[in-house]
Amino acid sequence: MQVLTKNLGRVDIDSFKSARQAILPIEMRIKSRAKITLDNGQNAGFILPRGGLIRGGDVLASDDGDKVLVLAASEMVSTIEAKDSFSLMRAAYHLGNRHVPLELSAYYVRYAHDNVLDEMIRGMGLDVTVDFHPFEPEAGAYQQTGHHHHG
């Protein structure tokens, strides 16, 4: 089994289309050790430093130079879009107060779908859309990541 030990960070995905790929949900991308299955059916694993975060578009490499492109899997998420930034900040505050991992942008707040949280947000007078998207939450103050983006 191939063991990936380095996260080389983000790459231009188009230039890496021919590379082997692993499509992983966020629950796998927050781990430092895991067994995974690549798009060609091959089993692999990664052993990375603790506290890291694997983003969609990151390349993991083995000690012998093999590389695997990680793509973020589409997951069921709830997205809040508001008419004003204060409403988004207020929603983010209340979700953060519940220690909910959030993906933030200037236009929306996104979290892993949860009916109870959706109702709380609707109770604040905001609309929530449930759909499938890659989920890229903030790394958090205690997770290390040298790269981050918002789509």
Side-chain angles (χ1 to χ4, degrees), residues 1-82 85 88-118 120-121 128-151:
M1 177 172 76
Q2 179 180 30
V3 179
L4 305 161
T5 58
K6 299 177 196 103
N7 185 340
L8 304 179
R10 294 192 72 101
V11 296
D12 174 25
I13 292 176
D14 290 332
S15 68
F16 248 84
K17 286 222 176 187
S18 62
R20 288 174 296 147
Q21 299 178 355
I23 302 170
L24 304 176
I26 189 61
E27 74 232 15
M28 294 296 292
R29 293 183 288 120
I30 61 174
K31 294 182 177 188
S32 59
R33 296 171 180 247
K35 290 182 181 177
I36 59 175
T37 303
L38 305 180
D39 61 339
N40 64 2
Q42 178 184 356
N43 290 323
F46 59 82
I47 301 173
L48 301 169
R50 291 191 184 281
L53 178 62
I54 304 167
R55 294 278 178 200
D58 282 357
V59 172
L60 303 182
S62 66
D63 289 337
D64 60 4
D66 285 338
K67 295 177 182 159
V68 173
L69 173 64
V70 175
L71 300 175
S74 286
E75 305 181 53
M76 185 180 280
V77 293
S78 296
T79 303
I80 308 162
E81 295 180 85
S85 60
L88 279 180
M89 286 191 309
R90 186 169 171 252
Y93 170 81
H94 286 284
L95 290 165
N97 198 34
R98 287 157 180 79
H99 303 282
V100 175
L102 299 175
E103 179 177 335
L104 303 172
S105 93
Y107 309 103
Y108 66 83
V109 172
R110 183 172 287 157
Y111 54 94
H113 173 65
D114 181 296
N115 287 321
V116 173
L117 296 175
D118 291 353
M120 178 188 78
I121 296 300
V128 177
T129 304
V130 178
D131 207 347
F132 286 85
H133 293 281
F135 184 45
E136 294 282 2
E138 288 294 311
Y142 300 105
Q143 286 181 313
Q144 300 167 352
T145 180
H147 48 278
H148 186 75
H149 87 292
H150 297 284

Give the minimum heavy-atom separation between [X] and [Y], together with the two atoms involved.
X     : Y      : value
Ala91 : Ile121 : CB-CD1, 4.0 Å
Glu81 : Tyr108 : CG-CB, 3.9 Å
Ile26 : Glu75  : N-OE2, 2.8 Å
Leu88 : Ala82  : CG-CB, 3.9 Å
Gln42 : Asn40  : N-OD1, 2.9 Å
Ser32 : Pro49  : CB-O, 3.9 Å

Hey, does the side chain of [X] reach the backbone of [Y] with a donor-acceptor pair shorter than 3.5 angstrom?
X      : Y      : result
Arg98  : Tyr93  : no
Glu103 : Glu136 : yes
Arg29  : Leu24  : yes
Asp39  : Gln21  : yes

Show me, pair by pair, the donor-acceptor contacts under 3.5 angstrom made by side chains of residues 110-117, not counting sequence neighbours?
unit_1, atom_1, unit_2, atom_2, d
Arg110, NE, Thr79, OG1, 2.8
Arg110, NH2, Thr79, OG1, 3.4
Tyr111, OH, Asp118, OD1, 2.6
His113, ND1, Ser78, OG, 3.0
His113, ND1, Asp118, OD2, 3.0
His113, NE2, Asn115, OD1, 3.1
Asp114, OD1, Val116, N, 2.9
Asp114, OD1, Leu117, N, 2.9

Would you compute the distance between atom [atom1] of [X] and atom [atom2] of [Y] and round it to the nearest 0.5 angstrom?
X     : Y      : atom1 : atom2 : answer
Thr5  : Leu48  : OG1   : CG    : 7.5 Å
Ile80 : Leu104 : CD1   : CG    : 10.0 Å
Leu60 : Asp66  : CG    : CG    : 12.0 Å
Lys6  : Asp58  : NZ    : CG    : 15.0 Å
Leu95 : Leu102 : CG    : CG    : 5.5 Å
His94 : Met120 : NE2   : CE    : 7.0 Å

Return yes when atom NZ of Lys67 has more than 12 non-hydrogen atoms of other residues, nucleotides or ligands closer than 6.0 Å, and no otherwise. no
Let me see the working for Phe46 and Ile54 under side-chain contact (heavy atoms from CB on, under 4.5 Å), right down to the final yes or no. CA-CA 11 Å; Phe46 59 82; Ile54 304 167; 3.8 Å; yes
Side chain to side chain donor-acceptor pair (under 3.5 Å) partners for Ser62, two or more places apart: Asp64
